[in-house]
Amino acid sequence: MRKRQQPHIEGPSEPPGAPRPSTCCLCWCGCCKCLWNQDRVEHAERQTCTKMDSIEATEEQRPSLEEVLSWSRSFEKMMHSPEGREVFREFLRSEYSEENLMFWLACEDLKKETNPTAIEEKSRIIYEDYVSILSPKEVSLDSRVREGINQSLEEPSSHMYEEAQLQIYTLMHRDSFPRFLNSSLYRDLVERKRSTCLET
């Protein structure tokens, strides 16, 4: 299932140093000229295509061809890329398994938490959303891991889902990732990036 691309609407050019609009659509594809996207452009790493005459041209490069191709060589690299995770999430959604990535991200967020009250609340939400057999977004975990989680709920910690998170990460890596690389979603993205490089 391909994501429909929205038409790119050119805004009026602004002089250097002019204040930027505060609105933000948080889109990963770089189709807008929002503050969030411009900050990403300013702090970006070197691109494969180096001919960039404007911020608009830079935005169209996001993510770069080099980065998109690197995903096929490393699942870990893709998972550490916000753009990579967003494309992979779209693919998982088409396979009705988006909850695997959402669970992994929720666990990552929990591991950064230090406030005991927040840890207890977030661990409960993760359990209700992704571990409980009553949840429509339940992820596939073996009985041993589930039992460990049930015991940890009595005294929640920021790392209580670590084993379950690894199990789902491995599942996505071995099962979903190879299909993602062979999908039209990924192959079309690579072709678009190659075409953009050739045009510049």
Side-chain angles (χ1 to χ4, degrees), residues 1-16 18 20-105 108-109 165-166 168-200:
M1 182 173 70
R2 287 187 58 185
K3 189 174 181 181
R4 255 174 100 185
Q5 287 189 329
Q6 297 297 322
H8 178 71
I9 301 175
E10 291 290 342
S13 59
E14 298 178 355
R20 288 182 261 176
S22 60
T23 56
C24 179
C25 67
L26 294 181
C27 63
W28 66 269
C29 62
C31 64
C32 69
K33 299 175 70 176
C34 62
L35 177 63
W36 181 78
N37 250 331
Q38 290 191 15
D39 287 342
R40 289 170 64 235
V41 168
E42 289 169 1
H43 296 92
E45 295 180 354
R46 182 182 58 84
Q47 298 295 304
T48 301
C49 305
T50 56
K51 186 178 179 183
M52 300 178 190
D53 300 321
S54 65
I55 288 179
E56 288 81 3
T58 307
E59 288 174 349
E60 290 170 2
Q61 303 281 337
R62 295 290 157 197
S64 70
L65 173 61
E66 182 179 15
E67 183 176 355
V68 172
L69 290 174
S70 75
W71 300 343
S72 67
R73 298 187 293 270
S74 170
F75 179 67
E76 183 179 4
K77 189 173 183 66
M78 184 197 71
M79 288 290 282
H80 280 84
S81 162
E83 295 90 351
R85 288 196 305 269
E86 190 59 36
V87 180
F88 188 52
R89 178 180 178 181
E90 184 179 346
F91 170 75
L92 292 177
R93 190 181 300 127
S94 73
E95 290 202 333
Y96 304 100
S97 58
E98 180 185 12
E99 65 275 2
N100 289 331
L101 180 59
M102 301 311 295
F103 170 71
W104 186 86
L105 289 170
E108 285 292 287
D109 181 58
Q165 185 186 18
L166 177 60
I168 295 304
Y169 182 91
T170 302
L171 176 66
M172 290 190 293
H173 188 186
R174 293 179 179 173
D175 186 55
S176 302
F177 185 55
R179 290 198 301 276
F180 166 71
L181 295 179
N182 287 319
S183 70
S184 58
L185 179 70
Y186 178 71
R187 287 188 278 107
D188 289 350
L189 177 62
V190 171
E191 287 307 310
R192 287 198 303 273
K193 295 300 172 183
R194 280 182 175 148
S195 297
T196 302
C197 285
L198 290 174
E199 288 170 4
T200 56

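What you see below is based on every heavy atom in this structure, not just the backbone, and it leaves out hydrogens, waters and symmetry mates.
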### Contacts of Glu108 that satisfy side chain to side chain contact (heavy atoms under 4.5 Å, CB included) - sequence neighbours left out
Trp104, Lys111, Gln165
Any side-chain heavy-atom pair of [X] and [Y] under 4.5 Å:
{"X": "Ser70", "Y": "Arg73", "answer": "yes"}
{"X": "Trp71", "Y": "Phe88", "answer": "no"}
{"X": "Asn100", "Y": "Phe103", "answer": "no"}
{"X": "Thr196", "Y": "Leu65", "answer": "no"}

### Query
Where do Glu76 and Tyr169 land on the side chain to side chain contact (heavy atoms under 4.5 Å, CB included) test, with the steps shown first?
CA-CA 10 Å; Glu76 183 179 4; Tyr169 182 91; 3.6 Å; yes
Contacts table for residues 170-181: side-chain donor-acceptor under 3.5 angstrom, sequence neighbours left out:
unit_1 : atom_1 : unit_2 : atom_2 : d
Thr170 : OG1    : Leu166 : O      : 2.9
Asp175 : OD1    : Arg179 : NH1    : 3.1
Asp175 : OD2    : Arg179 : NH2    : 3.3
Arg179 : NE     : Glu95  : OE1    : 3.3
Arg179 : NE     : Glu95  : OE2    : 2.8
Arg179 : NH1    : Asp175 : O      : 3.0
Arg179 : NH2    : Glu95  : OE1    : 2.8

In Å, rounded to the nearest 0.5 Å, how long is the span from [atom1] of [X] to [atom2] of [Y]?
{"X": "Arg187", "Y": "Asn182", "atom1": "CZ", "atom2": "CG", "value": "7.0 Å"}
{"X": "Ser97", "Y": "Phe91", "atom1": "OG", "atom2": "CZ", "value": "7.0 Å"}
{"X": "Lys193", "Y": "Leu69", "atom1": "NZ", "atom2": "CG", "value": "11.0 Å"}
{"X": "Glu86", "Y": "Leu101", "atom1": "CD", "atom2": "CG", "value": "8.5 Å"}
{"X": "Arg85", "Y": "Met79", "atom1": "CZ", "atom2": "CE", "value": "7.0 Å"}

### Summary
side chain to side chain donor-acceptor pair (under 3.5 Å) filter on Glu98, not counting sequence neighbours, yields Arg89, Arg93
